[in-house]
Number of protein chains: 2
Amino acid sequence: MRRKSVTIRDVAQMAEVSISTVSQVLNGNNQYVGEAKRDRVLAAVKALQYHPNAIARSMVKRRTATVGVVVTTVLGNLFMPIVECIQEVLRPLGYNIILASTPDLESEMQAIETLKAQQVDGFIFMSFMSSHTQYQSAHLLPLKEEDIPFVVINRPLEKDYDFNQIQFNEWEAGYLAARHLINLGHTSIATISGPRNHVPPWKSAVDRHQGWLEALKEQNLEVVPEWIGDGRYSHEGGYQAALQLLGHWEQAQKRPTAIFVANEHMTIGALRAFYYHGVRVPHDIALVTIGNPAYAAHMFPALTTFAHPVKEAGHIATRILLDQFQSSDTLPAQNIKLSYQFHIRESCGTVPEPTSFSVHA
Amino acid sequence: MRRKSVTIRDVAQMAEVSISTVSQVLNGNNQYVGEAKRDRVLAAVKALQYHPNAIARSMVKRRTATVGVVVTTVLGNLFMPIVECIQEVLRPLGYNIILASTPDLESEMQAIETLKAQQVDGFIFMSFMSSHTQYQSAHLLPLKEEDIPFVVINRPLEKDYDFNQIQFNEWEAGYLAARHLINLGHTSIATISGPRNHVPPWKSAVDRHQGWLEALKEQNLEVVPEWIGDGRYSHEGGYQAALQLLGHWEQAQKRPTAIFVANEHMTIGALRAFYYHGVRVPHDIALVTIGNPAYAAHMFPALTTFAHPVKEAGHIATRILLDQFQSSDTLPAQNIKLSYQFHIRESCGTVPEPTSFSVHA
DNA sequence: CTGTTAGCGCCTTCAA
DNA sequence: TTGAAGGCGCTAACAG
C-alpha cells in the first residue's frame, strides 16, 4: 500500500463539498466560501491527514517553488555556508533547494538540463574562479533566453554577458591586506599567492596578488621576487612555498617581516613550515590571509583574515531570484561586487597572543 | 514568453506521428516503433530542443527520482562529504537531491512534510548525535507507515524502531585510539571528551569516552580525574580543557604523556593551548583524535586520527534506498555500524616530524 | 506497429 | 456562493 495518497477528492467527499471548494479553502480564497463548509473542509483535511501533492500543483501552476543550486563542490568552507544563508531566506517562503555538485563543465551542463526538466523556478551557480571559466559561461545563455532567472556567484564573466552576478572584491582584499601590514610598520612584505601560474590562471589569485602588489608599489616598497611564492591555494602548496621562502631567508641578508597568504589552506601549510623551522608568527613574521574557516579564530596564532561576506552573498542572490519570480517582466541584470570583511586577530601582531612562550613542562 | 515549453504534442505534430509514439521512442520502447518513424521523432526532438517535463512525468509515474536529504547543518566536515558520496551514486542514475538543513526538530518535521508533498522517493537523514534524539525519532514513524524508504545516518535510535540506520562505531574509535597510545608505550593517558556532561549528553561523546576508559582499565592503567576534560566538541572547549589540564600539570608531580581528544575541533583548541605553553606535540605529549578534516594531514603536527568512513556511509545509505525503490515489497530494515578509519600521522609520535625545532631566524 | 483514450492530482474559469 | 468541466504534459493500457 505504498503511497496511499489521500487526494483532494477524498477530502471533498468527506466534507460533502466539491473539490473546487476544497481547493478554494486550501488556497486561502475564503472570500467565496461559507463558514460552515470551510469548517467541514478543514475538519476533513485534519481527519484525513491530507497534504496537497506539490507535484500536481506545480503542474498546473507552472512553478515548483524550488531553486536549483549548482556548485563546483560541496566541500570547503565557502559554498555551503552560502547555501545555508540561501536556505534561511528560502525556507520560510516555502521554497526548496535542489542541490547539484558538478565538478566539471560537462556535468554542470548536464545538471542544468536535469534541473530545467525538473522545472526549477531559478538557479544559483557557485563555482571556483578559474579565469578560464569566463569562456565557459556560454551554456548559461539559453537560460537567459528562456527567461529562467539565475544568479552566478563567484565566477568571472564578461560584462557583456549581462547576467546577474555576485563577485567578491579580490583585488581590494589583497590591497587592504598589504595596507594593514604596511600601516603596522612593515616595509618588507612577502606573499604566497594562489594559482596565478596555473593554466589558465585563477582570476581570484591574480586579483588578490595585484592588490597586494599595488599596495607595495604605492608606498615604494621593494618587491622581492624571492618573496613571492605560488601556493596553488592548497595546504601542500602553501607549505612548499613557505619552505622556499625560508630557504632564501637563510642565505640572504634581508628577510621579510610580514607575509600575505592568499587563502586559508596555504596559511595552514605556511604555518606548518614556519613552525618546524622555529619561525614564530607573528613575532618573527606577521601574517594576514583570506578566508575565514571555523578554526581561524582558534589557530595558533589566531588568524587575521579577510572573510567572504557569505551572508550578503547568499541573501542578495536569493533576493534577486525572488524579485524575478515576482515580477512578470525581465528585470535588468545586476552586477554586484562585495567587499571582504576584515577580522583582526593575532597572526598580524595586532592582537596580543594569550601567553608567553615559556616552557613549563 | 517565459517558459515557452515545447511539449510532446509539438514533437508529435512535427514528426507527424502520435504522441504515444513519441513517448515510446523517448522511453526506449523502441521495440514497437518502426525505424522511419523513430528517426522522424528523434529529428523533431532535436529540432525543437524538446526536453520532457519531469514534473508531468513524475505525476503519472508516481515517482520523482528525487531523494530528500535532511541534515542538521550543512556546516562542518562530516555531512557534506557524505552528501557528495550520495550524489556520486545518485546522479548517474538520474536522481536528484533536495537538500534541507534543519537545525531543530520542528524544522525537521516541517521539512519532512514539505518533501513528502514534493513526492520525494525517499529520505536520508543525517544529524548530530545527542542521545536525547532517540526520543525524538517518533516523527519518522509515519514515513515507515506510508512505506516511504529512508535511511538514518549517525542518529542513535532504539533498536525497536526498526529503521534503516547507519552509525559510526564511536566506542571502538575511543578504544582503539587509547590502544594505539598504549601500544606506543604510554601509560599515563589524558583525554578531552565531547559533551558528556551536557544535558542531554551526546551519545557519541559518551561512547568514545567509554571506549577510551575501557582500554585504560583493561591494562590497569590509572585513570586520573584531573586528566579528563570536557571540551564540548568545540574549539574553545578544547582550549579550555587543555588549559585546565596544563594547570594541573604544573602543580602535580605526575603528568600524562599522551592524550585522546575526541574530535578535531577540540584538537585545534588543545594544540593552541599547548603551543602557548611551550608543550610540544608529540614530543611532550602524544595526541590521537577523531575526525579527518582536510587540514588534518597539514597541521603542525599532522593529526593522527580516526576518520569517519564517509564513502561507505554515503554509498551504503544510497544503496539501501535504491534497493527499496526497486523492490515492490518492504525490505527488512538494516542496522549498520561502521568502523572509523585510522590514519597514523605525526601527532601521536609514530611518524617523524619534518624537521627539528632549530631556530634559523 | 501505431493512434486513441483515459487519467495522475490539482487549479481555475465559467455557469448555475 | 458553489459545482462542473477543462486542462497542465505525460504515460499506459487498449484498440486498431
Side-chain angles (χ1 to χ4, degrees), chain A residues 2-42 44-45 48-65 94 114 116-121 146, chain B residues 2-42 44-45 48-65 94 114 116-121 146:
Chain A
R2 176 87 151 268
R3 229 51 59 85
K4 41 177 146 193
S5 72
V6 181
T7 80
I8 196 172
R9 237 176 295 274
D10 301 321
V11 177
Q13 195 162 18
M14 184 174 203
E16 297 181 296
V17 298
S18 78
I19 57 174
S20 65
T21 303
V22 178
S23 178
Q24 301 277 45
V25 173
L26 262 43
N27 293 296
N29 297 6
N30 289 336
Q31 25 176 342
Y32 299 140
V33 180
E35 285 270 331
K37 294 214 172 184
R38 195 187 58 228
D39 291 349
R40 289 223 305 275
V41 169
L42 260 20
V45 167
L48 262 33
Q49 295 231 63
Y50 170 68
H51 293 283
N53 182 326
I55 294 289
R57 167 180 287 153
S58 300
M59 179 111 175
V60 25
K61 305 259 289 210
R62 338 226 35 230
R63 56 183 287 283
T64 51
T114 313
K116 260 169 39 177
Q118 293 282 350
Q119 313 297 118
V120 296
D121 294 337
E146 295 174 54
Chain B
R2 173 86 151 272
R3 227 53 61 85
K4 41 177 145 192
S5 71
V6 181
T7 78
I8 195 173
R9 238 175 294 272
D10 300 320
V11 177
Q13 195 162 17
M14 183 175 206
E16 297 181 297
V17 299
S18 79
I19 56 174
S20 66
T21 303
V22 178
S23 179
Q24 302 277 46
V25 174
L26 263 44
N27 293 298
N29 297 8
N30 289 335
Q31 25 176 343
Y32 301 140
V33 181
E35 285 270 333
K37 295 215 172 184
R38 195 187 57 227
D39 291 348
R40 290 224 304 277
V41 169
L42 261 19
V45 166
L48 263 33
Q49 294 229 63
Y50 169 69
H51 292 283
N53 182 327
I55 294 290
R57 167 180 286 153
S58 299
M59 181 109 174
V60 25
K61 305 259 289 203
R62 339 233 22 234
R63 55 185 288 285
T64 51
T114 313
K116 261 173 31 179
Q118 294 281 352
Q119 312 297 118
V120 296
D121 294 337
E146 295 174 53

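Values below: all heavy atoms of this structure, side chains included; hydrogens, waters and symmetry mates excluded. Just so it is clear: chains get the letters A, B, ... in the order the sequence lines come, proteins before strands, and each one is counted from 1.
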Mind calculating the distance between OH (A:Tyr50) and P (C:dG9) to the nearest angstrom? 10 Å
In whole angstrom, give the distance that lies between atom CD of A:Glu35 and atom P of D:dT2. 11 Å
Whole-Å distance separating the CD1 atom of A:Ile55 from the C1' atom of C:dC8: 11 Å
Does the side chain of B:Asn53 get closer than 4.0 angstrom to OP1 or OP2 of D:dC8 through an N or O atom? no
Exam field: side chain A:Ser23 to backbone A:Ile19, donor-acceptor pair closer than 3.5 Å: no
Using OP1 and OP2 only, check whether a side-chain N or O of A:Ser18 sits under 4.0 Å from D:dT2. no
Can you check whether A:Thr21 reaches A:Ser18 side chain to side chain, under 4.5 Å on heavy atoms? yes
Close side-chain approach of A:Leu42 and A:Arg38, heavy atoms under 4.5 Å: yes
Mark yes or no for whether B:Arg40, through its side chain, and B:Glu16, through its backbone, hold a donor-acceptor pair below 3.5 Å. yes
Given atom CZ of B:Arg38 and atom P of C:dT2, what is their separation to the nearest angstrom? 10 Å
Angle between terminal axes - the helix from C:dC1-D:dG16 to C:dA16-D:dT1, 5 pairs each end, rounded to 10°: 50°
How many Å lie between CE on B:Met59 and C1' on D:dA12, as a whole number? 15 Å
Between CD1 of A:Ile8 and P of C:dT12 the distance, given in whole Å, is 11 Å
Atom CZ of A:Arg9 to atom P of C:dC8: distance rounded to whole Å? 6 Å
Return the minimal non-hydrogen interatomic distance between A:Gln118 and B:Thr64, and the atom names on each side. NE2-O, 3.8 Å
Side chain of A:Ser23 only, please: which of D:dT11, D:dG3, C:dC11 is the nearest? C:dC11
Phosphate contact (C:dC8 OP1 or OP2) by B:Arg62 side-chain N/O below 4.0 Å: no
Does a nitrogen or oxygen in the side chain of A:Ser20 sit under 4.0 Å from OP1 or OP2 of D:dG3? no
Distance test, side-chain N/O of A:Thr7 to OP1/OP2 of C:dG9, below 4.0 Å: no
Answer yes or no: is there a side-chain heavy-atom contact under 4.5 Å between A:Thr7 and A:Asn53? no
Rounded distance (Å) that lies between atom P of D:dT11 and atom CD of B:Gln24: 10 Å
Can you tell if the side chain of B:Pro52 reaches within under 4.5 Å of the side chain of B:Arg57, non-hydrogen atoms only? yes
Let me spell it out: for each of A:Ile19 and A:Lys37, pick the nucleotide of DNA chain D with the closest heavy atom. Which residue's pick is nearer the 5' end? A:Lys37
